[in-house]
Structures are given as structure tokens and as C-alpha cells.
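Some notes on the structure that comes next.
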Amino acid sequence: MPELPEVEVVRRGLDEHVRGRTVARAEVLSPRAARRYVPGPAGLVAAVTGAHVTAVSRRGKYLWLQFGDGSGTDALVVHLGMSGQMLVRTPGGERHRHLRALLDLGESEVHFVDQRTFGWWLPSQLIEVDGTFVPEAVAHIARDPLDARFDPDRVVARMYGRPSEIKRLLLDQTVIAGVGNIYADEALWRVGVHGARPAAQLSRPKLRALIEAATAVMGEALAQGGTSFDALYVDVDGDPGYFSRALAVYGREDEPCPRCGAPIRREGFMNRSSYSCPRCQSRPRSAGPLPRRGR
DNA sequence: CCCCTCTCCTGATCGC
DNA sequence: TGCGATCAGGAGAGGG
């Protein structure tokens, strides 16, 4: 699933290929890809056609093509959801079965392929938030650990004393951006904290260590090209990342904990799976085991 | 504001 | 062979 490292890999690849190009033509093949844009698919096409790409930027899991003056809109925000891909293709090639939208840049095309359709494209205007210009659609998202102005103390302050389970806060993109289910589990394992533990039970230094662990694990994953479990996460050339082999707990039910050897457990949590070490990460007493929930 | 649950969607897989 | 259930989960709407 694309989390911060994976989205950053895509951003880098896109930036290299599309910076300086002009959108000659756009197509929205699946109206759902434009569902967040009130003017709809035709409006989206109109907004980006003729736009000149000056850069590809990112905050957390949101990335955007930034457009220069004279373009119909400031930016095209892209969220990959669970399975979105931004593929750089040569014009006239095959169209993937799950192709949802495309940008024709003349010498190349950008194909938005998304099997599970949780991803979206949204034209957006830039606004200034806390001294940085970001698209309106991203204004509510916190800075992520790769941001030069990321402030871990601020994140600690946002978490400290809260009654919410710590994993909820790690996944809250308005608290710290970029962390998804995989890296949340890995960061919690690194500091020996169970995700269901209320943040209020954690000291400031422990919260600080958790944020540093999340930063570290995402940095390591980025260096490996991100985490790919299947063909659903690939870079702009369609190639996978290699961090899945380095994961300590995520997706490793019943395998030995790399630290103590206890078999990794899987539990339902927030309508998804959480992986942890039963010995290194004791479950809080107050919150009992949550039943796995069906659809 | 804060906290939490539910819903959107497709396709692989599994049991019967 | 088919069919229904289950699972994967990011983000935002909405209820309390």
C-alpha cells in the first residue's frame, strides 16, 4: 500500500519525467477518479488541459503536479489510495484494464491505474498554510517526517495526554502525515508499544521515540524503493520496491519476532489488521481484545 | 473540537 | 464449476 516512502518514490519518478512538460490532453476514463472535484470529469479535463508542469510535490501521502502561470489551475492533487499507480508510458501503448485517467504530455503519457479505486485526482488552488504553499485539498494535512520543517515536538504535543489509542493517532494524517498501517505497526514494534495503548499512558520521551522510529523506518523503506507485496505498488516505470523483506512484524503472523523470537500475532483493529509481538508489546489491560470485525 | 464508526471499491482466495 | 464470504485499507462523512 502506498504510504509515505512509496508516494515519495512515485513523486521522484514523476518529477523527473513531467517537469517542464505541458498537458496537451487529458482523459478521465473512470468518473470515480474525479469524484472529489465538483465540476466533474469534464471539468477536470478542462482545468488541466494546457497546464505547464513546474514541479511535482508531496506532503504525506498526497502528491501534486504544480502548474505554472497561465494554467487553468494551480495544481493537480493525486492520492493513490490503496492501489493507485502513476505510470509513465509511451503514447499509443496498451491501456491497462484499470486505467482511470491519463495525461498526454506529448512525448509521454502519465497513466493513473487504480484497481481498488480509492485513489483520486483533484485540481486545486494553492494556499499558504503555516508559511508553506500547498493545495487547498492538502491544507488540513500535517507536515511529514521528510519535511525540512517537520517538528517532532509538535507531534508529541498533539499526542500527549490524549485518550485515543496511539495507533489511531499515528494514522491520523492531521497529526503526523505519511504513516499508514504498515509503518505504524513497524514503528510501534520498534519502541515496544502496543497500538491499542492510550496515548495518555505514554511519556513524552516515549512518544518522541515512537515518532523517531516512524521517521527511521520510513527513511529505510524509501532507500529500498518502498514496500511492495504484490503488483499494486510500483514506481512510475512499473517496478516494485524491496522493503517488504525488511519488515519485522507487518504481514508476518506466526513468524518469530526478530527481537525475542515469540510468534508475531495478528489482531483486528480499526477494521484492519495489526501485527505485533506479544512479548515485546504488551496489550493494555483496560482495552480488552477487540473482536475482528466483518464487513 | 474530539473521538470513533462506517462506507466507498475490486479482485484474489478459500471453503463448500 | 460456481458461489458466497472474507480480506486488503486511506480518508472523509457524520453521529455522539
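Per chain, numbering begins at 1; letters A, B, ... match sequence-line order.
- Distances shown here put a side-chain N or O of A:S164 below 4.0 Å from the OP1 or OP2 atom of B:dC4.
- Comparing A:R36 and A:I182 by the nucleotide of DNA chain C whose heavy atom lies nearest to each, the residue mapping closer to the 5' end is A:I182.
- Contact annotation for A:R35: no contact, since no heavy-atom pair falls under 4.0 Å across all strands.
- Between A:L171 atom CG and B:dC4 atom C1' there is a gap of 13 Å when expressed in whole angstrom units.
- Of the candidates C:dA8, B:dC9, C:dG10, the closest approach to any side-chain atom of A:T117 belongs to B:dC9.
- Remark: A:R12 does not engage A:E16 in a salt bridge, criterion side-chain N to carboxylate O under 4.0 Å.
- Distances were taken from every side-chain heavy atom of A:Y62 (C-beta onward) to each of B:dG11, B:dT5, C:dA11; the shortest belongs to C:dA11.
- Look at CZ on A:R116: it is 5 Å from C1' on C:dA8, rounded to the nearest Å.
- The distance from atom CE of A:M82 to atom P of C:dA8 is 9 Å, rounded to the nearest whole Å.
- Distance CZ (A:R162) to C1' (B:dC1): 10 Å, rounded to an integer number of Å.
- Closest approach to the A:H140 side chain among C:dA11, C:dA8, C:dG12 is made by C:dG12 (side chain taken as heavy atoms from C-beta onward).
- Remark: C1' of C:dG10 and CG of A:L4 are 14 Å apart, rounded to the nearest angstrom.
- Checked against B:dC9, C:dG10, B:dC2, the side chain of A:N181 finds its nearest nucleotide in C:dG10.
- Candidate nucleotides C:dA8, B:dT10, B:dC8 were compared by shortest atom distance to the side chain of A:R32, and B:dC8 ranks first.
- Phosphate contact (OP1/OP2 of C:dC7, side-chain N/O of A:R272, threshold under 4.0 Å): absent.
- In the set C:dA11, C:dA8, B:dT10, C:dA8 carries the atom at the smallest distance from any side-chain atom of A:S273.
- In this structure, A:W120 places its CH2 atom 14 Å from C1' of B:dC8, rounding to the nearest Å.
- Remark: the backbone N or O of A:G84 is not paired with any side-chain donor or acceptor of A:R116 at under 3.5 angstrom.
- Using a cut-off of 4.0 Å between Lys/Arg side-chain N and Asp/Glu carboxylate O, A:D144 and A:K61 are scored as not salt-bridged.
- Nucleotide B:dT5 holds its C1' atom 8 Å from the CZ atom of A:R168, rounded to whole Å.
- In this structure, A:L99 atom CG and B:dT10 atom C1' are separated by 16 Å, rounded to whole Å.
- For the residue pair A:S57 / A:R11, no side-chain donor-acceptor distance below 3.5 Å is found, with atom types taken as modelled.
- The side chain of A:Q115 sits closest to B:dG11 out of B:dG11, C:dA11, C:dA8.
- Nucleic acid contact class of A:R158 (heavy atoms, under 4.0 Å, all strands): none.
- A salt bridge between A:R190 and A:E186 is absent, with no side-chain N of the basic residue lying under 4.0 Å from a carboxylate O of the acidic one.
- Under the 6.0 Å distance and 45° angle rule, A:R100 does not count as a cation-pi partner of A:W121.
- At a threshold of 4.0 angstrom between heavy atoms, the contacts of A:P2 with the nucleic acid are absent.
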